[in-house]
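This structure is a prediction, so every number in the text was calculated from the model and none was measured.
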Amino acid sequence: MLAIDPGSAKCGVAVVEPGRTLHQEITLTAQLPDRIAELRTQFSPTHIVLGDGTQSKHITALLPEAVLVAEAYTSQRARERLRKSRPWWQRFLPLTQPYDDIVAVILAEDWLKSRTHPPGPLPCPKEGTEKGEAENPP
């Protein structure tokens with residue numbers, strides 16, 4: 001899957017499959033259409049997910065097949081992930097490097113998680129049981 005964290009000047013881009021990140025980068029927003037074409041050729045992603053924040057409407061026009069994913073708290077989670085990836089003695093220093101690519105990875109992970117554990121009602125009781133009746137009586 002191709003995941004994009006859209007931004008005004010730069011975008012995080014990641015190619016992810018369940019349990020593994022194949023590619024991640026930060027690219028200029030102006031170069032995004034060309035990078036998407038190259039990554040589609042290189043990886044043949046079956047899905048495209050797009051963060052619903054800054055510039056998402058503009059990019060949705062370029063990628064109408066993209067699924068919008070909520071970006072709430074993804075930047076905070078990416079900063080924390082980046083901080084934890086640093087050597088222990090650097091974890092308390094301010095972050096100076098961009099982390100848009102990590103946000104794209106998180107967007108992909110969130111979408112994959114929502115596909116394997118969709119929200120919704122509890123499953124129906126098994127056939128042959130009445131409401132309130134135990135499925136496996138003692």
Side-chain angles (χ1 to χ4, degrees):
M1 139 189 351
L2 176 63
I4 303 165
D5 172 36
S8 299
K10 60 186 178 353
C11 296
V13 179
V15 179
V16 177
E17 61 183 28
R20 192 168 87 146
T21 300
L22 303 174
H23 177 82
Q24 66 187 78
E25 68 178 71
I26 297 172
T27 189
L28 296 174
T29 300
Q31 297 172 350
L32 186 62
D34 293 335
R35 282 304 293 144
I36 290 171
E38 292 167 6
L39 292 169
R40 279 181 153 172
T41 300
Q42 184 177 355
F43 293 101
S44 302
T46 56
H47 296 86
I48 298 175
V49 296
L50 176 66
D52 65 356
T54 310
Q55 295 291 317
S56 62
K57 288 180 183 175
H58 171 70
I59 296 172
T60 301
L62 299 172
L63 298 167
E65 72 275 24
V67 176
L68 287 178
V69 177
E71 278 194 52
Y73 304 105
T74 54
S75 292
Q76 179 183 359
R77 291 164 56 201
R79 281 191 302 271
E80 187 60 28
R81 191 176 288 190
L82 178 58
R83 193 177 311 285
K84 286 181 178 179
S85 72
R86 301 166 108 190
W88 70 268
W89 53 273
Q90 286 185 351
R91 291 184 184 173
F92 302 102
L93 298 174
L95 296 175
T96 56
Q97 69 189 85
Y99 44 84
D100 307 75
D101 56 332
I102 299 170
V103 172
V105 171
I106 290 171
L107 291 170
E109 292 169 351
D110 287 353
W111 186 80
L112 285 167
K113 194 180 302 179
S114 76
R115 301 275 297 178
T116 56
H117 302 291
L122 295 173
C124 295
K126 289 185 181 176
E127 232 178 274
T129 61
E130 297 291 325
K131 276 188 175 178
E133 205 177 288
E135 289 183 19
N136 297 321

Closest non-hydrogen atom pair, [X] against [Y]:
| X | Y | result |
| --- | --- | --- |
| Gly51 | Ser56 | O-CB, 3.2 Å |
| Ala108 | Ala3 | CB-CB, 3.7 Å |
| Lys10 | Pro98 | CE-CB, 3.9 Å |

Hydrophobic cluster membership, with links at side-chain heavy-atom distances under 4.5 Å among I/L/V/M/F/W/Y: are [X] and [Y] in one?
| X | Y | value |
| --- | --- | --- |
| Ile4 | Leu39 | yes |
| Val13 | Val105 | no |
| Leu107 | Ile48 | no |
| Trp111 | Leu2 | no |
| Val67 | Val16 | yes |

Can you tell me how far the [atom1] atom of [X] sits from the [atom2] atom of [Y], to the nearest 0.5 Å?
| X | Y | atom1 | atom2 | value |
| --- | --- | --- | --- | --- |
| Ile106 | Ser75 | CD1 | OG | 8.5 Å |
| Asp100 | Ile26 | CG | CD1 | 4.5 Å |
| Gln76 | Tyr99 | CD | OH | 10.0 Å |
| Arg35 | Cys11 | CZ | SG | 12.0 Å |

Any side-chain heavy atom of [X] sitting closer than 4.5 Å to one from [Y]?
| X | Y | answer |
| --- | --- | --- |
| Leu50 | Pro6 | yes |
| Ser114 | Val69 | no |
| Leu32 | Leu62 | no |

- Enumerate the residue pairs fulfilling side chain to side chain donor-acceptor pair (under 3.5 Å) with a member in residues 41-52, sequence neighbours excluded, ordered by first and then second residue. none

- For residues 81-97, the side chain to side chain donor-acceptor pair (under 3.5 Å) pairs (sequence neighbours left out) are Arg81-Glu109

- Message: Applying side-chain hydrogen bond (donor to acceptor under 3.5 Å, both in side chains), can you list everything that pairs with His23, at least two apart in sequence or on another chain?
- Response: Glu25

- Message: Could you walk me through whether Ile36 and Leu63 satisfy the side chain to side chain contact (heavy atoms under 4.5 Å, CB included) test, starting with their C-alpha distance in whole Å, then the side-chain angles of each, then the deciding distance to 0.1 Å, before giving a yes or no?
- Response: CA-CA 10 Å; Ile36 290 171; Leu63 298 167; 3.5 Å; yes

- Task: Apply salt bridge (charged side-chain N to carboxylate O under 4.0 Å, His left out) to Glu80 and list each qualifying residue two or more places apart in sequence or on a separate chain.
- Result: none

- Excluding sequence neighbours, so at least two apart, what forms salt bridge (charged side-chain N to carboxylate O under 4.0 Å, His left out) with Asp101? none

- Query: Sequence neighbours excluded, which residues qualify as side chain to side chain contact (heavy atoms under 4.5 Å, CB included) partners of Thr54?
  - Reply: Ser8

- Message: Tell me whether Thr29 contacts the main-chain N or O of Gly7 through its side chain, where contact means a donor paired with an acceptor under 3.5 Å.
- Response: yes

